[in-house]
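To keep things clear, I will list the structure first and then write my remarks on it.
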Amino acid sequence: MIRILLFAELEEVVGKREIELSDEEISVGEIREKLEKQYPDLHKIRSAMAAVNEEYAENTVLAHEGDLVAFIPPVSGG
Amino acid sequence: MIRILLFAELEEVVGKREIELSDEEISVGEIREKLEKQYPDLHKIRSAMAAVNEEYAENTVLAHEGDLVAFIPPVSGG
Amino acid sequence: MTEKNFEIVQEPIKIEEVISKVEDRNAGAINTFIGTVRELTKGKKTLYLKYDAYVPMAEKKLSQIGDEIQAKYPDAKVAITHRIGELAISDIAVVIAVSTPHRADSFDGSRYAIERIKEIVPIWKKEHWEDGEKWIGDQLEKTAYPDGKPNPEEVQK
Amino acid sequence: MTEKNFEIVQEPIKIEEVISKVEDRNAGAINTFIGTVRELTKGKKTLYLKYDAYVPMAEKKLSQIGDEIQAKYPDAKVAITHRIGELAISDIAVVIAVSTPHRADSFDGSRYAIERIKEIVPIWKKEHWEDGEKWIGDQLEKTAYPDGKPNPEEVQK
């Protein structure tokens, strides 16, 4: 199982912050596609950065069973 | 009478902060020369800025009876 | 020492507490940047803001910004506290404190910190106006996404 | 309102009091610069400092600096408090607070203020070391006068 975190507008579209994928291994890019298929309104996930286990990760990075993958829309702190 | 204020190292050389001149009218430059003659160790007055009535003033500015002339060595606040 | 120099908090930030974390006998300068909620942004009147964060990663990234500043200025001390939750006009959202021996470095470090926060720290604000609300994706005070979507070049990065 | 935005004081400066003078519903940024007494300057160990000032003119010049900042950034609010008397290591000598709608201007205004203080405000510090004491004439953290005398070009200005 891979845990997915969604924030800000992504969280609002999906209606919850956390979802789970049953994959054993999947790339960040594949997760994006999978989620957008599942939630057609989630197109903004394309422009979100991704983080695997709290470090930013490119689309090619592989997530494994037990990893935590977060999608981070453009930030606006400060 | 014209009041003269001396600060920091100038004050230490003269041993007091305030002195008086009996002139009715005298330029800032003339005051510098007069004080340096009176207090030979006061050569640093040459590199001090001058202020007449709390505004910076060049050597050519005239001070009159009742004015307050300050000599301001290089400042070091902050 | 349980003091945390890089924190996300829910409660109002005490400015002097953040500053005290960077005090140092060899610091001659402390620069503090305080980000507050302003009422008007591009002519629109904000009623209040809501900040949210990916808290553990946000604290890690704040700490990374501190490391980046120390890599540049080894004598610098850095502390950053960011508040989340609902904030009213004039409330403090973030306090950055950077101490250095010489003043120019404290300004540079503090400026660097706020710019980096807007680039890499997973914190989001949602503005609430009289006629609506919106998550803001404006890291650098330059881009607004009126249609809620950055343009393609921005997506590439 | 008897609040003074530009002050020379004898007592310890309360940072939050200075900051509160520049708070504003339309300020999104407050930059604060705090100048503290550092122990080591060019390898020499300072025991304590003494600050003196030409008080009425110093307050007038601080206020002028505030006007200069507002001429550049009309929405800026500025407050500056400088302490005089004897200060120990880590004591706060000066607190500058500048609020503006946007952050870049608050940094610029605050930086401008500290540089101008070192140019035009009649305040002097005397450093006390183990082996002596000296009035410092180092407005811009560049020049020291080891023989107590600036060079001729500097006298001309």
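Letters A, B, ... are given to chains in the order of the sequence lines, protein chains preceding strands, and every chain is numbered from 1.
Scanning residues 89-96 of chain C against chain D with a 4.5 Å non-hydrogen threshold yields I89(C), S90(C), sorted by number. Close approach to chain D, defined as a heavy atom under 4.5 Å from one of its heavy atoms, is seen in I19(C), D24(C), R25(C), N26(C), A27(C), G28(C), A29(C), I30(C) of residues 19-30 of chain C, taken by number. Proximity to chain C among residues 8-18 of chain D is limited to K14(D), I15(D), E16(D), judged by heavy-atom separations below 4.5 angstrom. Annotation: residues 47-86 of chain C contacts chain D through no residue [non-hydrogen atoms, separation under 4.5 Å].
R103(C) places a side-chain heavy atom less than 4.5 Å from the side chain of K118(D).
Heavy atoms closer than 4.5 Å to chain C are found in both the backbone and the side chain of S110(D).
Residues F33(D) and F107(C) come closest through the heavy atom pair CD1-CE1, 3.3 Å.
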